[in-house]
Amino acid sequence: ALPILKDSFSYPLTENEKEKIKVIVKLTKLENYENDEEVGEVSVILGDDEIYSEKVYVSIENRKNNIFTKIKEWLFN
């Protein structure tokens, strides 16, 4: 099972802002996972302000939208 995000997120950043970005992932550990079950939340913080928040779901089938790939895309694209 992989944690996934259902939506994408884009936010233009200056070079200075890139140094101030934090991604906080909070996941709940469960005994058993069902496909599409909510398992946590991801927040994107710029300085002291939360600029984005989204629920994290579990996918037993879909590896394309996993949370780690999405965060990599946010930070490096």
Side-chain angles (χ1 to χ4, degrees):
L2 284 173
I4 63 164
L5 301 174
K6 293 186 177 184
D7 295 320
S8 60
F9 170 69
S10 177
Y11 191 92
L13 297 170
T14 66
E15 287 300 317
N16 186 39
E17 288 175 326
K18 287 181 182 181
E19 297 174 10
K20 297 177 182 177
I21 216 75
K22 290 188 282 187
V23 178
I24 300 171
V25 180
K26 297 177 184 175
L27 297 175
T28 304
K29 186 174 182 176
L30 303 174
E31 290 289 322
N32 296 303
Y33 298 97
E34 292 186 28
N35 198 46
D36 208 31
E37 184 174 8
E38 183 181 328
V39 293
E41 182 178 45
V42 62
S43 298
V44 180
I45 310 295
L46 176 57
D48 294 328
D49 300 320
E50 181 179 80
I51 58 172
Y52 183 75
S53 178
E54 183 180 349
K55 293 179 181 178
V56 177
Y57 298 88
V58 69
S59 175
I60 297 170
E61 302 144 0
N62 185 354
R63 296 189 178 271
K64 180 177 135 187
N65 291 323
N66 83 67
I67 189 171
F68 306 112
T69 301
K70 292 271 190 168
I71 291 172
K72 182 180 171 187
E73 288 173 1
W74 291 346
L75 295 176
F76 300 108
N77 288 339

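We're numbering straight along the sequence, starting at 1. None of these values were measured; they are calculated from a predicted model.
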Donor-acceptor contacts, no H, no angles, side chain residues 12-28, under 3.5 Å, sequence neighbours left out:
| from | atom 1 | to | atom 2 | distance (Å) |
| --- | --- | --- | --- | --- |
| T14 | OG1 | E17 | N | 3.1 |
| E15 | OE2 | K18 | NZ | 3.3 |
| E17 | OE1 | T14 | N | 2.9 |

Sequence neighbours left out, what passes side-chain hydrogen bond (donor to acceptor under 3.5 Å, both in side chains) with Y33? Give chain and number order.
->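 For Y33, no residue satisfies side-chain hydrogen bond (donor to acceptor under 3.5 Å, both in side chains) once neighbours in sequence are set aside.
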
What do you reckon, is CD of E34 surrounded by more than 12 foreign heavy atoms closer than 6.0 Å?
->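 No, because the 6.0 Å sphere around CD of E34 holds 12 heavy atoms or fewer from other groups.
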
Might you point out which heavy atoms bring S59 and N35 nearest each other, and give the distance in Å?
->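 Shortest heavy-atom contact: CA-OD1, 3.3 Å.
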
Scan the side chains in residues 44-56 for donor-acceptor partners under 3.5 Å anywhere in the protein, sequence neighbours excluded, and list what turns up.
| from | atom 1 | to | atom 2 | distance (Å) |
| --- | --- | --- | --- | --- |
| E50 | OE2 | S43 | OG | 3.0 |
| Y52 | OH | E54 | OE1 | 2.5 |
| S53 | OG | E41 | OE2 | 2.7 |
| E54 | OE2 | K6 | N | 2.9 |
| E54 | OE2 | D7 | N | 2.9 |

